[in-house]
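When a residue number appears, it is its place in the shown sequence, counting from 1. The shown structure was predicted, so the numbers you read here are calculated from the model rather than taken from an experiment.
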Amino acid sequence: DVQLVESGGGSVQPGGSLRLSCAANGVTGSSSDYCMTWFRQAPGKEREPVTANYITGGSTYVNDVVKGRFAQSQDSANNTIYLRMNSLKLEDTAMYYCAAGPGCPTLWRGRPDYWGQGTQVTVS
């Protein structure tokens, strides 16, 4: 099984930056179809996708609400993805989850095969 381990969450003031990491353990092969995604869920709100990209790079999906501020990158050799968050806003406060599975369109619809445990980001 694939295990996703997130890290890097914390508290930051508005306008600040954070970088989240997600290590995918147990991923075998280097399928160009394998996608890794960041989701977030704020209290009282539905979970929403934030960014997604294939583990080998290529097309990047970015939610409009974070476009220009957040960027996903990946270290394919180590099956690790990152979410660089700049210009953080109060409304970015949420639990952030890493997810993985085949096909970014499928993950973007909230249907990954694997989820991480989440890391809290608080902007205040």
Side-chain angles (χ1 to χ4, degrees):
D1 281 350
V2 173
Q3 291 183 329
L4 304 175
V5 181
E6 300 109 330
S7 60
S11 297
V12 63
Q13 293 182 344
S17 299
L18 281 175
R19 190 181 79 157
L20 307 182
S21 301
C22 173
N25 302 312
V27 174
T28 59
S30 59
S31 172
S32 60
D33 191 46
Y34 209 77
C35 182
M36 295 187 73
T37 306
W38 288 100
F39 285 87
R40 69 183 184 183
Q41 187 166 21
K45 295 188 177 181
E46 292 188 357
R47 184 174 56 206
E48 62 178 354
V50 179
T51 61
N53 200 354
Y54 293 97
I55 200 167
T56 53
S59 300
T60 300
Y61 293 65
V62 182
N63 192 317
D64 285 343
V65 299
V66 303
K67 195 166 289 183
R69 302 188 295 120
F70 291 13
Q72 180 173 323
S73 60
Q74 53 275 329
D75 177 355
S76 301
N78 294 303
N79 290 333
T80 299
I81 65 168
Y82 305 95
L83 181 65
R84 179 66 181 181
M85 304 183 293
N86 295 326
S87 302
L88 283 160
K89 304 177 180 180
L90 296 175
E91 53 265 39
D92 295 319
T93 295
M95 185 71 80
Y96 284 72
Y97 297 91
C98 176
C104 282
T106 299
L107 267 71
W108 201 254
R109 292 193 293 269
R111 299 172 186 171
D113 288 350
Y114 304 101
W115 291 95
Q117 81 285 357
T119 186
Q120 178 68 38
V121 172
T122 302
V123 185
S124 64

Sequence neighbours excluded, every pair satisfying disulfide (SG to SG under 2.5 Å) that has a member inside residues 39-100: Cys22-Cys98
For the side chain to side chain contact (heavy atoms under 4.5 Å, CB included) test, which of Tyr97, Phe39, Phe70, Tyr61 pairs with Val50? Phe70
Working to the nearest 0.5 Å, report the span between CD of Gln74 and OG1 of Thr80. 10.5 Å
What pairs with Lys67 under side-chain contact (heavy atoms from CB on, under 4.5 Å), at least two apart in sequence or on another chain? Val62, Asp64
The complete set of side-chain hydrogen bond (donor to acceptor under 3.5 Å, both in side chains) pairs with one or both residues in residues 35-52, sequence neighbours excluded, reads Arg40-Glu48, Arg40-Asp92, Arg40-Tyr96, Thr51-Gln72
Give me each pair satisfying side-chain hydrogen bond (donor to acceptor under 3.5 Å, both in side chains) with a member in residues 1-19, each pair once, sequence neighbours excluded. Glu6-Gln117, Ser17-Asn86
Could you tabulate the donor-acceptor pairs under 3.5 Å formed by side-chain atoms of residues 103-115, not counting sequence neighbours?
none

Sequence-distant partners of Thr60, side chain to side chain donor-acceptor pair (under 3.5 Å), two or more places apart: Asn53
So disulfide (SG to SG under 2.5 Å) across residues 58-89, not counting sequence neighbours, yields none
Taking side-chain contact (heavy atoms from CB on, under 4.5 Å) as the test, write out the residues that go with Glu91, two or more places apart. Lys89
Residues joined to Tyr82 in its hydrophobic cluster, side chain to side chain under 4.5 Å directly or through other members, sorted by chain and number, are none
Spacing of Arg84 atom CZ and Leu18 atom CG [to the nearest 0.5 Å]: 8.0 Å
